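Values reported hereafter were calculated over all heavy atoms of this structure, with side chains retained and with hydrogens, waters and symmetry mates removed. Keep in mind that this is a model prediction, so the values were computed, not measured. In this chain, residues are counted from 1 in sequence order.
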Amino acid sequence: MMKRPPLDSPTGTRVVGTYAMDDGNNEHRQTLITSIMRSGLCTGLEIPFLSAQYGDCAWLWPLLPADSRHVFTMVTATMERIGSNPEFGLASTNAQGRREALTMMRHVAETIYWLHSSSPLTIAAVEIHSAPSGGSIEALYESMATMVQWDWAGAALVIEHCDAAVPNHKAVKGFLPLHEEVRLIDELRATTATTLALTVNWARSAIELRDPDAVPEHIRYCDERGVLGGLMYSGTSAISGPYGSAWSDTHAPMQAEQRFGEPTSALTNERLSLTRRAVNNPLLYDGVKMAIRPDDAPLERRYAYLEYALRGLQTASALRKEHKE
């Protein structure tokens, strides 16, 4: 089979994690997906493949427009499995836990191959994670050295950096440090034709750094080393509020009045713009992922949150282009 080339335009793939707003109602889920895909503000979804919520996504494929471009995220499936087996993960030092994670990823690769062979849909990238907490870079290297031997049908393998274990506060996820993930990608690239990169998630870097204005440091660090592949925007807050305790990884929306977001969120339009301006090299993709409170908020408000965030990202991308020119 001819492999599809990875998409490398800064706005070639723009995705939305609608799943973070899911209220468990199948009709609501499908209506929100259909509405956001018709908006013209994104190319596709960030899909929590193999999660309890989405499963193998057989129900999802018929809803997606031909030639739409998406990203798989494995964070939900990974955290769900860690809930029953704390040693599960690609960076696990437990052989069985790592083997189970590789089995999951083999299923991912086979699904992408099937999709790219039999449908007009494209999975541009797969977000993987250096789980579990307490894992090792050596174990992750072994896992990825195995995975790059598989046929990903043109999809990129992308480590989404999550907050690392640091000495001055308790981590939320406590995965591997950014510099180790970057070094691994750099070393493995020489051994494979599979596209390898790293994605910075705005909230997860802010949570680790405890400073929303320091997130561009993570972005520049990856960009300068040529490994930055994606930017995903979800929010967090330095104070307790409707999205949990301070520095929670609960996908708070943009800072805005409550019709469009959350006033206590640290993710402002200005900070979004500053992070986009920190990027010099082309990205594989970018996108947004927002939750909502209360969980049973009407669909119109859910859509308004996502539209506000996507328009903010659209504006930030345009301003970045003007700034670079």
Notebook entry, point to check: Taking the six-membered ring of Trp202 as reference, does the NZ or CZ atom of Arg271 fall below 6.0 Å from its centre and within a 45° cone about the axis?
Noted result: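 That pair does not qualify as a cation-pi contact.
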Notebook entry, point to check: Is it true that the NZ or CZ of Arg301 lies under 6.0 Å from the centre of Tyr303's six-membered ring and within 45 degrees of the ring axis?
Noted result: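 Relative to the ring axis of Tyr303, which defines the angle, Arg301 lies outside at least one limit.
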Do [X] and [Y] sit in the same hydrophobic cluster, where Ile, Leu, Val, Met, Phe, Trp and Tyr count as joined when their side-chain heavy atoms come under 4.5 Å apart?
X      : Y      : answer
Phe72  : Leu121 : yes
Tyr141 : Val148 : yes
Trp247 : Val200 : no
Leu231 : Leu274 : no
Phe175 : Val166 : no

Whether [X] side chain and [Y] backbone form a donor-acceptor pair below 3.5 Å:
X      : Y      : value
Thr146 : Glu142 : yes
Ser237 : Thr264 : yes
Thr199 : Val158 : no
Arg225 : Tyr221 : yes
Asp163 : Val172 : yes
Ser265 : Leu267 : yes
Thr78  : Val75  : no
Thr192 : Leu188 : no
Asp223 : Leu228 : no
Ser136 : Thr93  : no

Check: Once the angle between the rings of Phe260 and Tyr308 is folded into 0 to 90°, is it parallel (under 30°), tilted (30 to 60°) or perpendicular (over 60°)?
Finding: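 If you compare the ring of Phe260 with that of Tyr308, the planes turn out parallel.
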Next item on the list: Check Arg302, Arg29, His28 against Asp22 for a side chain to side chain donor-acceptor pair (under 3.5 Å) and give me the one that passes.
Entry: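 Single side chain to side chain donor-acceptor pair (under 3.5 Å) partner of Asp22 among Arg302, Arg29, His28: Arg29.
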Next item on the list: Give a yes or no on whether the ring-centroid distance for Tyr113 and Trp152 is below 6.0 angstrom.
Entry: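 So the answer is no for these two rings.
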Next item on the list: Work out which heavy atom in Ser317 is nearest to a heavy atom in Arg14; give both atom names and the distance.
Entry: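 Answer, listing the atom of Ser317 first, then Arg14: OG-NH2, 2.8 Å.
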Next item on the list: Quick one: closest heavy-atom pair of Pro132 and Ala91, and the distance?
Entry: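 Result for this residue pair: CD-C, 4.0 Å.
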Straight-line distance of [X] [atom1] to [Y] [atom2], nearest 0.5 Å:
X      : Y      : atom1 : atom2 : result
Glu208 : Arg210 : CD    : CZ    : 10.0 Å
Leu45  : Arg69  : CG    : CZ    : 13.0 Å
Met254 : Leu306 : CE    : CG    : 11.5 Å
Gln314 : Arg276 : CD    : CZ    : 12.0 Å
Leu90  : Ile159 : CG    : CD1   : 9.0 Å
Cys162 : Ile207 : SG    : CD1   : 9.0 Å

Any side-chain heavy-atom pair from [X] and [Y] closer than 4.5 angstrom?
X      : Y      : answer
Asn269 : Thr315 : no
Thr73  : Tyr19  : yes
Leu313 : Leu272 : yes
Asp286 : Met232 : no
Cys57  : Phe49  : yes
Met290 : His251 : no
Thr122 : His70  : no

Checklist line | Reference residue Met147; test side chain to side chain contact (heavy atoms under 4.5 Å, CB included); the match among Thr194, Leu196, Ile128 | finding: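 For Met147, the side chain to side chain contact (heavy atoms under 4.5 Å, CB included) test succeeds with only one of Thr194, Leu196, Ile128, which is Ile128.
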Check: Does CD in Glu270 sit with more than 12 non-hydrogen atoms of other residues, nucleotides or ligands closer than 6.0 Å?
Finding: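 Incorrect, the count does not exceed 12.
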Notebook entry, point to check: CD of Glu257: more than 12 outside heavy atoms within 6.0 angstrom?
Noted result: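 Result for CD/Glu257: enclosed.
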Pair [X] + [Y], salt bridge at N-O below 4.0 Å:
X      : Y      : answer
Arg204 : Glu160 : yes
Arg293 : Glu262 : no
Glu110 : Arg106 : yes
Asp249 : Lys173 : yes

Under 3.5 Å, is there a donor-acceptor pair linking the side chains of [X] and [Y]?
X      : Y      : answer
Glu181 : His161 : yes
Ser248 : Ser245 : yes
Tyr54  : Thr76  : no
Glu127 : Tyr285 : yes

